[in-house]
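Input: a single structure, listed below in C-alpha coordinates.
Chain letters run A, B, ... following the sequence lines, proteins first, then strands; residues in each count from 1.
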There are 2 protein chains.
Amino acid sequence: MNQSLICPRFEKAMNILSKRWTGLIIYQLLSGPQRFCNIESAIGISGRLLSERLKDLESEGIVKREVFPETPVRIEYSLTEKGRSLEPLMKEIEKWSQTWLEPENSKE
Amino acid sequence: MNQSLICPRFEKAMNILSKRWTGLIIYQLLSGPQRFCNIESAIGISGRLLSERLKDLESEGIVKREVFPETPVRIEYSLTEKGRSLEPLMKEIEKWSQTWLEPENSKE
DNA sequence: TCAGTTAGTTACTATATGTAAGTAATTATA
DNA sequence: TATAATTACTTACATATAGTAACTAACTGA
(Lines give C-alpha, C1' and ligand atoms only; values in the text may rest on other atoms or scores of the structure.)
Protein backbone atom coordinates (compact mmCIF):
# COMPACT_ATOMS: atom_id res chain seq x y z
CA MET A 1 0.00 0.00 0.00
CA ASN A 2 1.38 3.35 -0.95
CA GLN A 3 -1.20 5.54 0.67
CA SER A 4 0.11 8.30 2.82
CA LEU A 5 -2.76 9.52 4.91
CA ILE A 6 -3.88 13.03 4.25
CA CYS A 7 -2.72 15.86 6.49
CA PRO A 8 -5.38 16.77 9.07
CA ARG A 9 -4.93 20.51 8.49
CA PHE A 10 -5.43 20.10 4.78
CA GLU A 11 -8.48 18.00 5.50
CA LYS A 12 -9.84 20.65 7.82
CA ALA A 13 -9.31 23.34 5.18
CA MET A 14 -11.14 21.18 2.68
CA ASN A 15 -14.00 20.65 5.12
CA ILE A 16 -14.45 24.39 5.36
CA LEU A 17 -14.00 25.17 1.69
CA SER A 18 -15.98 22.23 0.37
CA LYS A 19 -19.15 23.20 2.13
CA ARG A 20 -21.60 24.49 -0.38
CA TRP A 21 -21.62 28.33 -0.65
CA THR A 22 -18.60 28.90 1.59
CA GLY A 23 -16.26 29.70 -1.27
CA LEU A 24 -18.69 32.03 -2.97
CA ILE A 25 -19.34 33.91 0.27
CA ILE A 26 -15.63 34.44 0.88
CA TYR A 27 -15.09 35.44 -2.73
CA GLN A 28 -17.95 37.90 -2.53
CA LEU A 29 -16.58 39.41 0.69
CA LEU A 30 -13.20 39.98 -0.95
CA SER A 31 -14.83 42.93 -2.69
CA GLY A 32 -15.33 44.59 0.70
CA PRO A 33 -17.55 44.58 3.77
CA GLN A 34 -21.21 44.24 2.97
CA ARG A 35 -24.64 43.57 4.28
CA PHE A 36 -26.58 40.34 4.53
CA CYS A 37 -29.02 41.09 1.76
CA ASN A 38 -26.25 42.18 -0.56
CA ILE A 39 -24.42 38.87 -0.28
CA GLU A 40 -27.74 37.07 -0.54
CA SER A 41 -28.64 38.57 -3.88
CA ALA A 42 -25.11 38.60 -5.29
CA ILE A 43 -24.56 34.87 -5.03
CA GLY A 44 -28.16 33.64 -5.04
CA ILE A 45 -28.14 31.88 -1.70
CA SER A 46 -31.21 31.68 0.53
CA GLY A 47 -31.37 33.62 3.79
CA ARG A 48 -31.56 30.43 5.76
CA LEU A 49 -28.30 29.05 4.46
CA LEU A 50 -26.50 32.38 4.34
CA SER A 51 -27.26 32.89 8.00
CA GLU A 52 -25.99 29.40 8.78
CA ARG A 53 -22.81 29.78 6.73
CA LEU A 54 -21.97 33.20 8.12
CA LYS A 55 -22.20 31.76 11.63
CA ASP A 56 -19.91 28.88 10.66
CA LEU A 57 -17.41 31.24 9.07
CA GLU A 58 -17.55 33.57 12.04
CA SER A 59 -16.83 30.71 14.40
CA GLU A 60 -13.89 29.72 12.20
CA GLY A 61 -12.54 33.26 12.52
CA ILE A 62 -12.83 33.89 8.81
CA VAL A 63 -15.71 36.35 8.84
CA LYS A 64 -16.45 39.23 11.19
CA ARG A 65 -19.94 40.51 11.97
CA GLU A 66 -20.34 44.14 12.95
CA VAL A 67 -23.46 45.84 14.16
CA PHE A 68 -23.83 49.55 13.50
CA PRO A 69 -26.57 50.82 15.79
CA GLU A 70 -27.85 53.28 13.27
CA THR A 71 -31.41 53.58 12.39
CA PRO A 72 -32.29 51.24 10.78
CA VAL A 73 -29.61 49.01 12.21
CA ARG A 74 -26.89 48.10 9.76
CA ILE A 75 -25.03 44.82 10.04
CA GLU A 76 -21.88 44.40 8.03
CA TYR A 77 -19.99 41.26 7.28
CA SER A 78 -16.33 41.39 6.40
CA LEU A 79 -13.29 39.14 6.19
CA THR A 80 -10.84 38.89 9.05
CA GLU A 81 -7.13 38.65 8.35
CA LYS A 82 -7.52 34.88 8.22
CA GLY A 83 -10.30 35.36 5.72
CA ARG A 84 -8.40 37.80 3.54
CA SER A 85 -5.49 35.39 3.49
CA LEU A 86 -7.66 33.18 1.29
CA GLU A 87 -7.41 35.71 -1.52
CA PRO A 88 -4.50 34.00 -3.36
CA LEU A 89 -6.46 30.76 -3.27
CA MET A 90 -9.53 32.45 -4.70
CA LYS A 91 -7.39 33.98 -7.42
CA GLU A 92 -6.07 30.52 -8.27
CA ILE A 93 -9.59 29.20 -8.62
CA GLU A 94 -10.46 32.18 -10.80
CA LYS A 95 -7.38 31.56 -12.96
CA TRP A 96 -8.10 27.88 -13.31
CA SER A 97 -11.72 28.51 -14.20
CA GLN A 98 -10.72 31.04 -16.88
CA THR A 99 -8.30 28.59 -18.44
CA TRP A 100 -10.23 25.35 -18.23
CA LEU A 101 -13.93 26.01 -18.05
CA GLU A 102 -16.55 27.16 -20.48
CA PRO A 103 -19.24 29.30 -18.97
CA GLU A 104 -22.42 27.26 -18.67
CA ASN A 105 -25.90 28.65 -18.79
CA SER A 106 -27.93 25.51 -18.59
CA LYS A 107 -28.14 23.27 -15.54
CA GLU A 108 -25.76 20.78 -17.13
CA MET B 1 -26.58 48.17 -4.79
CA ASN B 2 -22.95 47.42 -5.38
CA GLN B 3 -23.17 43.74 -6.08
CA SER B 4 -21.40 42.63 -9.18
CA LEU B 5 -22.76 39.20 -10.02
CA ILE B 6 -20.30 36.38 -9.77
CA CYS B 7 -18.55 35.09 -12.90
CA PRO B 8 -20.23 31.90 -14.19
CA ARG B 9 -16.90 30.16 -14.73
CA PHE B 10 -15.82 30.87 -11.20
CA GLU B 11 -19.17 29.62 -10.01
CA LYS B 12 -18.79 26.43 -12.05
CA ALA B 13 -15.32 25.86 -10.60
CA MET B 14 -16.75 26.31 -7.13
CA ASN B 15 -19.55 23.86 -7.88
CA ILE B 16 -16.99 21.23 -8.74
CA LEU B 17 -14.57 21.96 -5.93
CA SER B 18 -17.16 22.50 -3.25
CA LYS B 19 -18.70 19.10 -3.61
CA ARG B 20 -17.74 17.02 -0.65
CA TRP B 21 -14.70 14.76 -1.29
CA THR B 22 -13.83 16.21 -4.69
CA GLY B 23 -10.88 18.20 -3.40
CA LEU B 24 -9.47 15.32 -1.39
CA ILE B 25 -9.75 12.95 -4.35
CA ILE B 26 -7.89 15.34 -6.62
CA TYR B 27 -5.29 16.00 -3.94
CA GLN B 28 -4.80 12.29 -3.43
CA LEU B 29 -4.41 11.69 -7.16
CA LEU B 30 -1.68 14.34 -7.33
CA SER B 31 0.60 11.71 -5.78
CA GLY B 32 0.15 9.55 -8.88
CA PRO B 33 -2.24 7.14 -10.58
CA GLN B 34 -3.85 4.72 -8.20
CA ARG B 35 -6.54 2.18 -7.65
CA PHE B 36 -10.03 2.57 -6.31
CA CYS B 37 -9.39 0.89 -2.99
CA ASN B 38 -6.25 2.90 -2.42
CA ILE B 39 -8.09 6.20 -2.74
CA GLU B 40 -10.90 4.79 -0.64
CA SER B 41 -8.70 3.98 2.33
CA ALA B 42 -6.42 7.00 1.98
CA ILE B 43 -9.15 9.60 2.33
CA GLY B 44 -11.77 7.57 4.20
CA ILE B 45 -14.57 7.86 1.69
CA SER B 46 -17.12 5.12 1.14
CA GLY B 47 -17.13 3.07 -2.03
CA ARG B 48 -20.52 4.35 -2.98
CA LEU B 49 -19.50 7.99 -2.95
CA LEU B 50 -16.05 7.41 -4.40
CA SER B 51 -17.62 5.67 -7.35
CA GLU B 52 -20.04 8.55 -7.81
CA ARG B 53 -17.37 11.25 -7.51
CA LEU B 54 -14.95 9.54 -9.85
CA LYS B 55 -17.70 9.38 -12.47
CA ASP B 56 -18.41 13.10 -12.00
CA LEU B 57 -14.74 13.98 -12.24
CA GLU B 58 -14.31 11.78 -15.28
CA SER B 59 -17.20 13.51 -17.01
CA GLU B 60 -15.63 16.88 -16.17
CA GLY B 61 -12.42 15.73 -17.85
CA ILE B 62 -10.45 15.98 -14.62
CA VAL B 63 -9.90 12.29 -13.95
CA LYS B 64 -9.06 9.44 -16.32
CA ARG B 65 -10.04 5.82 -15.75
CA GLU B 66 -7.88 3.11 -17.23
CA VAL B 67 -8.56 -0.59 -17.26
CA PHE B 68 -5.60 -2.97 -17.34
CA PRO B 69 -6.94 -6.37 -18.31
CA GLU B 70 -4.56 -8.20 -16.08
CA THR B 71 -5.63 -10.84 -13.71
CA PRO B 72 -7.16 -9.77 -11.46
CA VAL B 73 -8.18 -6.73 -13.46
CA ARG B 74 -6.51 -3.53 -12.39
CA ILE B 75 -8.28 -0.21 -12.75
CA GLU B 76 -6.25 2.92 -12.32
CA TYR B 77 -7.46 6.43 -11.80
CA SER B 78 -5.27 9.38 -12.67
CA LEU B 79 -5.49 13.09 -13.33
CA THR B 80 -5.78 14.46 -16.84
CA GLU B 81 -3.93 17.63 -17.79
CA LYS B 82 -6.95 19.60 -16.66
CA GLY B 83 -6.78 17.74 -13.37
CA ARG B 84 -3.07 18.26 -12.87
CA SER B 85 -3.55 21.95 -13.54
CA LEU B 86 -5.29 22.11 -10.19
CA GLU B 87 -2.02 21.45 -8.42
CA PRO B 88 -1.16 25.13 -7.70
CA LEU B 89 -4.60 25.54 -6.24
CA MET B 90 -4.14 22.51 -3.99
CA LYS B 91 -0.77 23.86 -2.91
CA GLU B 92 -2.44 27.12 -1.95
CA ILE B 93 -4.93 25.28 0.22
CA GLU B 94 -2.08 23.35 1.79
CA LYS B 95 -0.17 26.58 2.45
CA TRP B 96 -3.18 28.30 3.94
CA SER B 97 -3.99 25.34 6.15
CA GLN B 98 -0.41 25.20 7.45
CA THR B 99 -0.47 28.88 8.31
CA TRP B 100 -3.94 29.29 9.72
CA LEU B 101 -5.26 26.03 11.03
CA GLU B 102 -4.54 23.88 14.01
CA PRO B 103 -4.84 20.19 13.38
CA GLU B 104 -8.01 18.91 14.96
CA ASN B 105 -8.56 15.45 16.33
CA SER B 106 -11.99 15.82 17.77
CA LYS B 107 -15.12 16.33 15.70
CA GLU B 108 -15.07 20.06 16.41
C1' DT C 1 -15.82 -26.13 -3.62
C1' DC C 2 -14.84 -22.43 -0.53
C1' DA C 3 -12.56 -18.23 0.77
C1' DG C 4 -10.40 -13.98 -0.81
C1' DT C 5 -9.74 -9.83 -3.74
C1' DT C 6 -11.16 -5.72 -6.50
C1' DA C 7 -14.43 -2.62 -8.11
C1' DG C 8 -18.14 -1.63 -7.75
C1' DT C 9 -23.96 -1.49 -6.85
C1' DT C 10 -28.25 -1.62 -4.05
C1' DA C 11 -31.16 -0.57 -0.22
C1' DC C 12 -31.88 1.98 3.53
C1' DT C 13 -31.18 5.80 7.06
C1' DA C 14 -29.43 10.23 8.40
C1' DT C 15 -28.04 14.75 7.38
C1' DA C 16 -27.87 18.88 4.44
C1' DT C 17 -30.04 21.90 1.34
C1' DG C 18 -33.89 24.47 -0.86
C1' DT C 19 -38.29 26.92 -0.53
C1' DA C 20 -41.56 29.59 1.42
C1' DA C 21 -43.65 31.78 4.96
C1' DG C 22 -43.17 34.06 9.46
C1' DT C 23 -41.02 37.39 12.91
C1' DA C 24 -39.02 41.59 15.33
C1' DA C 25 -37.48 46.05 15.17
C1' DT C 26 -37.74 50.13 13.00
C1' DT C 27 -39.19 53.96 9.66
C1' DA C 28 -42.20 55.91 6.17
C1' DT C 29 -46.71 56.77 4.35
C1' DA C 30 -51.97 57.32 4.16
C1' DT D 1 -53.39 55.45 14.14
C1' DA D 2 -53.08 51.79 10.90
C1' DT D 3 -50.63 49.93 7.10
C1' DA D 4 -46.76 48.97 4.32
C1' DA D 5 -41.83 48.49 3.71
C1' DT D 6 -37.16 47.13 4.94
C1' DT D 7 -33.45 44.31 7.05
C1' DA D 8 -31.80 40.36 9.17
C1' DC D 9 -33.04 36.79 10.43
C1' DT D 10 -35.85 31.99 12.07
C1' DT D 11 -39.14 28.15 11.52
C1' DA D 12 -41.39 24.41 9.19
C1' DC D 13 -41.38 21.34 5.84
C1' DA D 14 -40.05 18.84 1.30
C1' DT D 15 -36.36 17.17 -1.40
C1' DA D 16 -31.61 15.99 -2.36
C1' DT D 17 -27.26 14.34 -0.96
C1' DA D 18 -24.31 11.62 2.03
C1' DG D 19 -23.27 7.68 5.10
C1' DT D 20 -23.56 2.67 6.30
C1' DA D 21 -23.82 -1.91 5.44
C1' DA D 22 -24.70 -5.68 2.88
C1' DC D 23 -24.53 -7.63 -1.71
C1' DT D 24 -22.65 -8.84 -6.52
C1' DA D 25 -19.59 -10.25 -10.51
C1' DA D 26 -15.46 -11.78 -12.13
C1' DC D 27 -11.63 -13.83 -11.14
C1' DT D 28 -7.67 -16.56 -8.39
C1' DG D 29 -5.67 -19.64 -5.22
C1' DA D 30 -5.97 -23.38 -1.80
**Message:** Rounded to whole Å, how long is the line connecting atom CZ of Arg53(A) with atom C1' of dT17(C)?
**Reply:** 8 Å
**Message:** Contact between Leu17(B) and Ile26(B) at the side-chain level, heavy atoms closer than 4.5 Å - yes or no?
**Reply:** yes
**Prompt:** Is there any salt bridge (Lys or Arg N to Asp or Glu O under 4.0 Å) pair reaching into residues 26-48 of chain A, and which pairs are they, with sequence neighbours excluded?
**Reply:** Arg48(A)-Glu52(A)
**Asked** So, do Lys12(B) and Glu60(B) sit near enough that their side-chain heavy atoms are less than 4.5 Å apart?
**Response** yes
**Gap between atoms CG and P, on Asp56(A) and dA16(C) respectively (whole Å)** = 10 Å
**Request:** Measure the shortest side-chain to side-chain distance between Ile93(B) and Tyr27(B) over non-hydrogen atoms and say whether it is less than 4.5 angstrom.
**Result:** no
**Asked** Could you state the CG-P distance from Leu54(A) to dT10(D), rounded to the nearest angstrom?
**Response** 11 Å
**Item:** Between dA25(C) (P) and Glu70(A) (CD): distance, integer Å
**Value:** 19 Å
**Prompt:** Side-chain N or O of Arg65(B) less than 4.0 angstrom from OP1 or OP2 on dG8(C)?
**Reply:** yes
Close N or O pairs between protein and nucleotides 20-27 of chain D (under 3.5 Å):
residue : atom : partner  : partner atom : Å
dC27(D) : O3'  : Thr71(B) : OG1          : 2.9

**Request:** Using whole Å, report how far CG of Leu50(A) lies from P of dT7(D).
**Result:** 14 Å
**Asked** Atom CZ of Arg74(A) and atom P of dT27(C): how far apart are they, to the nearest Å?
**Response** 15 Å
**Message:** When you measure from the side-chain N and O atoms of Lys55(A) to the phosphate of dT10(D), is any distance below 4.0 Å, counting only OP1 and OP2?
**Reply:** yes
**Prompt:** Does OP1 or OP2 of dA7(C) have a side-chain N or O of Arg35(B) closer than 4.0 Å?
**Reply:** yes
**Asked** Counting only side-chain N and O atoms of Ser51(A), is one of them less than 4.0 Å from OP1 or OP2 of dA8(D)?
**Response** no
**Request:** For DNA chain D, find the residues of residues 17-24 of chain B with a heavy-atom distance under 4.0 Å and give them by number; none if there aren't any.
**Result:** Arg20(B), Trp21(B)
**Message:** Can you confirm whether Leu49(B) sits close enough to Arg20(B) that some side-chain heavy atom of one is under 4.5 Å from a side-chain heavy atom of the other?
**Reply:** no
**Fill in**
For Glu92(B), the side chain to side chain contact (heavy atoms under 4.5 Å, CB included) test, sequence neighbours excluded, returns Pro88(A), Leu89(A), Glu92(A), Lys95(B)
**Prompt:** Checking all strands, does Phe68(B) fall into the base, sugar-phosphate, or nothing category for heavy-atom contacts under 4.0 angstrom?
**Reply:** nothing
**Message:** I want to check something: taking the side chain as every heavy atom from C-beta on, are Glu87(A) and Leu79(A) in contact at a cut-off of under 4.5 Å?
**Reply:** no
**Request:** Let me know, please, whether Glu52(A) or Ile75(B) comes out on the 5' side of the other along DNA chain C by nearest nucleotide.
**Result:** Ile75(B)
**Asked** Can you list every pair that meets salt bridge (Lys or Arg N to Asp or Glu O under 4.0 Å) and has a residue in residues 73-82 of chain B, with sequence neighbours left out?
**Response** Glu70(B)-Arg74(B), Arg74(B)-Glu76(B)
**Message:** Between C1' on dA16(C) and CG on Asn15(A), what's the gap in Å once rounded to a whole number?
**Reply:** 14 Å
**Message:** Looking at Tyr77(B), I'd like to know whether one of its side-chain N or O atoms comes within less than 4.0 Å of OP1 or OP2 on dT6(C).
**Reply:** no
**Item:** side chain to side chain contact (heavy atoms under 4.5 Å, CB included) involving Lys55(B) - partner list, sequence neighbours excluded
**Value:** Ser51(B)
**Message:** Please evaluate residues Tyr77(A) and Glu66(A) with respect to the criterion side chain to side chain donor-acceptor pair (under 3.5 Å), reporting the C-alpha separation (whole Å), side-chain torsions for both, the decisive distance (0.1 Å), and the verdict.
**Reply:** CA-CA 6 Å; Tyr77(A) 293 92; Glu66(A) 266 184 300; over 6 Å; no
**Length of the CD-P vector between Glu40(B) and dT9(C), whole Å** = 12 Å
